[in-house]
There are 2 protein chains.
Amino acid sequence: MANNKYQFFVFIYMNEQNYPEFTGLELSPRKADYLKFIFEKKGTVKTTEISSCLQVDPSTTSKTLTELATAGYLNHVLYRGVDLTEMGMEYAEFLVRRHRILSLLFTHYGLSTEEACAEVSRFEAFVSRDAVNKICNSMGHPMVGVCGEISHEKCIHEGHYH
Amino acid sequence: MANNKYQFFVFIYMNEQNYPEFTGLELSPRKADYLKFIFEKKGTVKTTEISSCLQVDPSTTSKTLTELATAGYLNHVLYRGVDLTEMGMEYAEFLVRRHRILSLLFTHYGLSTEEACAEVSRFEAFVSRDAVNKICNSMGHPMVGVCGEISHEKCIHEGHYH
DNA sequence: AAATTTTTTGGAGTCAACCCAAATTTGTTT
DNA sequence: AAACAAATTTGGGTTGACTCCAAAAAATTT
């Protein structure tokens with residue numbers, strides 16, 4: 001058929017699995033919340049779950065999910081739920097790392113874990129990947145944030161990660 | 001007259017000159033830009049000046065100025081210009097301090113002055129006064145930011161402070 | 001299969017930030 | 001001082017992000 005070469009291209013692309021082009025500023029704070037929640041849940045997530053956690057009407061969630069799917073972060077099977085695409089997974093990992101690095105950073109300056117977490121949740125979406133990487137590097141790539149092995153249940157409920 | 005007591009109240013209030021109730025999250029990033037620019041200019045500032053610096057239509061500036069005046073940050077004399085109220089002055093001082101503390105902080109983690117400044121400009125509006133005070137305290141209230149005695153001309157032009 | 005629940009769609013509102021065009025005021029020139 | 005030019009404001013309108021409500025559609029439960 002005529003589109004064999006396109007299939008080939010997609011194959012190569014998927015196999016390399018790197019999307020190094022993102023700046024970290026692609027998603028609004030709200031959209032990032034959606035993505036982080038879905039990431040945290042692992043596997044398929046239903047609209048209602050997200051709605052009740054993020055405290056918005058299901059119709060709002062449904063529309064946002066469509067947008068995130070269109071942008072390539074999610075697979076959305078209508079009436080069934082969403083899960084992360086490979087890109088979404090990679091991006092969500094960045095989102096969580098960013099949150100944790102910045103939270104850890106702030107706890108080094110007199111903020112409690114909770115304060116740092118809350119503070120960072122407000123602005124993290126505007127910190128670039130480059131900056132996060134530099135900070136991360138400078139901190140020696142800490143494996144344990146202010147929240148390492150802590151259960152994230154509570155955090156998820158409050159809309160941020162510890 | 002009937003409103004003597006109100007005048008008296010206002011007198012006391014103005015004389016105490018403290019507005020300790022702000023969280024630091026009152027102004028949007030954009031509004032904060034306006035306030036910082038006006039602060040930097042010292043004295044009365046004209047609409048055109050702000051417009052050309054912030055790269056927006058004068059009509060946009062005019063409307064924003066009205067909003068900032070209504071909120072109590074500016075004195076706005078129609079067709080003449082604006083200057084900071086006492087509250088506006090106090091708030092602008094906080095805005096600049098916040099910018100500089102955060103920029104200084106980021107330069108300690110591998111970002112250049114310019115990178116830190118640009119990065120911080122994007123998110124500073126979402127960092128609370130409490131957090132800034134804690135960080136400031138923890139850093140020993142540094143008198144010199146990454147920009148202490150540097151002329152701020154260039155910075156103003158780029159929309160941020162060094 | 002019918003009833004109930006979940007999800008989506010259609011329609012619409014709010015809010016911040018923006019621009020254009022027209023009106024108003026100020027400043028400048030003759 | 002009148003006329004013109006420049007700056008400022010006002011009126012009206014757009015966009016994008018986020019939101020909700022009501023109705024339709026699909027899935028699940030009974």
Side-chain angles (χ1 to χ4, degrees), chain A residues 23-38 41 43-84 91 95 121-127 159-160, chain B residues 23-38 41 43-84 91 95 121-126 158-160:
Chain A
T23 63
L25 307 175
E26 288 77 7
L27 295 186
S28 68
R30 205 55 176 144
K31 294 251 172 72
D33 286 342
Y34 282 84
L35 211 62
K36 281 193 289 184
F37 179 78
I38 294 160
K41 282 290 177 184
T44 298
V45 188
K46 312 296 279 323
T47 297
T48 309
E49 246 180 308
I50 302 171
S51 280
S52 68
C53 178
L54 268 53
Q55 316 242 57
V56 292
D57 193 275
S59 64
T60 303
T61 298
S62 186
K63 276 163 184 165
T64 307
L65 258 26
T66 301
E67 286 169 23
L68 285 169
T70 303
Y73 298 98
L74 301 176
N75 300 309
H76 191 187
V77 180
L78 277 190
Y79 294 98
R80 279 279 146 77
V82 293
D83 67 338
L84 295 168
Y91 206 89
L95 295 182
S121 292
R122 232 180 296 108
F123 71 78
E124 56 186 347
F126 307 103
V127 181
H160 15 84
Chain B
T23 63
L25 307 175
E26 287 78 6
L27 296 185
S28 68
R30 207 51 176 148
K31 295 251 172 72
D33 286 342
Y34 282 85
L35 211 62
K36 280 192 289 184
F37 179 77
I38 294 160
K41 282 291 179 185
T44 298
V45 189
K46 312 296 282 320
T47 297
T48 309
E49 245 181 308
I50 302 170
S51 281
S52 68
C53 179
L54 268 53
Q55 316 243 58
V56 292
D57 193 276
S59 65
T60 302
T61 298
S62 186
K63 275 163 184 165
T64 307
L65 259 24
T66 300
E67 287 170 24
L68 286 169
T70 302
Y73 298 97
L74 300 177
N75 299 308
H76 191 186
V77 180
L78 277 190
Y79 294 99
R80 277 280 146 72
V82 293
D83 66 339
L84 295 169
Y91 206 89
L95 295 183
S121 292
R122 233 181 292 108
F123 72 77
E124 57 186 346
F126 306 104
E158 291 171 10
H160 16 83

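Chain naming here is simple, since letters A, B, ... match the order of the sequence lines and numbering starts at 1 in each.
In this view, B:Phe123 and A:Phe123, B:Phe106 satisfy the ring-ring contact (aromatic ring centres under 6.0 Å, His included) rule, not counting sequence neighbours. Shown here are the salt bridge (Lys or Arg N to Asp or Glu O under 4.0 Å) partners of A:Glu49, two or more places apart in sequence or in another chain: A:Lys41. Residues satisfying the salt bridge (Lys or Arg N to Asp or Glu O under 4.0 Å) test with B:Arg30, not counting sequence neighbours, are B:Asp33. Partners of A:Glu67 according to the salt bridge (Lys or Arg N to Asp or Glu O under 4.0 Å) rule, which considers only residues two or more places apart in sequence or in another chain, are A:Lys31. Taking the side-chain hydrogen bond (donor to acceptor under 3.5 Å, both in side chains) definition, one finds that B:Ser51 meets it with B:Thr61, sequence neighbours left out.
Closest approach to the A:Thr47 side chain among D:dT10, C:dC18, C:dT8 is made by C:dT8 (side chain taken as heavy atoms from C-beta onward).
Between the C1' atom of D:dA17 and the CG atom of A:Leu68 lies a distance of 13 Å, rounded to the nearest Å. One atom, CG of A:Leu54, and another, P of D:dC18, lie 11 Å apart when rounded to the nearest Å. Rounded to whole Å, the distance from NE2 on A:His76 to P on C:dT9 is 8 Å.
Each of B:Glu49 and A:Arg30 was matched to the nucleotide of DNA chain D holding its nearest heavy atom; the match closer to the 5' end belongs to B:Glu49.
Applying the salt bridge (Lys or Arg N to Asp or Glu O under 4.0 Å) rule to pairs touching residues 54-66 of chain A yields nothing, sequence neighbours excluded.
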Worksheet, complete the sentence: Symbol by symbol from the 5' end, with Watson-Crick or G-U pairs under 3.5 Å, [ ] crossing and | another strand, DNA chain C is ||||||||||||||||||||||||||||||

Donor-acceptor pairs under 3.5 angstrom involving side-chain atoms of residues 70-82 of chain A: please list them, not counting sequence neighbours.
unit_1  : atom_1 : unit_2  : atom_2 : d
A:Thr70 : OG1    : A:Thr66 : O      : 2.8
A:Asn75 : ND2    : A:Asp83 : OD1    : 3.3

Discussion item. As a quick check of understanding, evaluate side chain to side chain contact (heavy atoms under 4.5 Å, CB included) for A:Val56 and A:Ile50, giving each step before the final call.
Written reply: CA-CA 8 Å; A:Val56 292; A:Ile50 302 171; over 6 Å; no

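Contact annotation: A:Ser28 side-chain N/O to D:dC18 OP1/OP2 distance is under 4.0 Å.
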Item to complete: Classify every nucleotide of nucleotides 20-30 of chain D by which part a protein heavy atom approaches to under 4.0 Å, writing B for the base, S for the sugar-phosphate alone and - for neither, in 5'-to-3' order.
Response: BBB--BSSS--

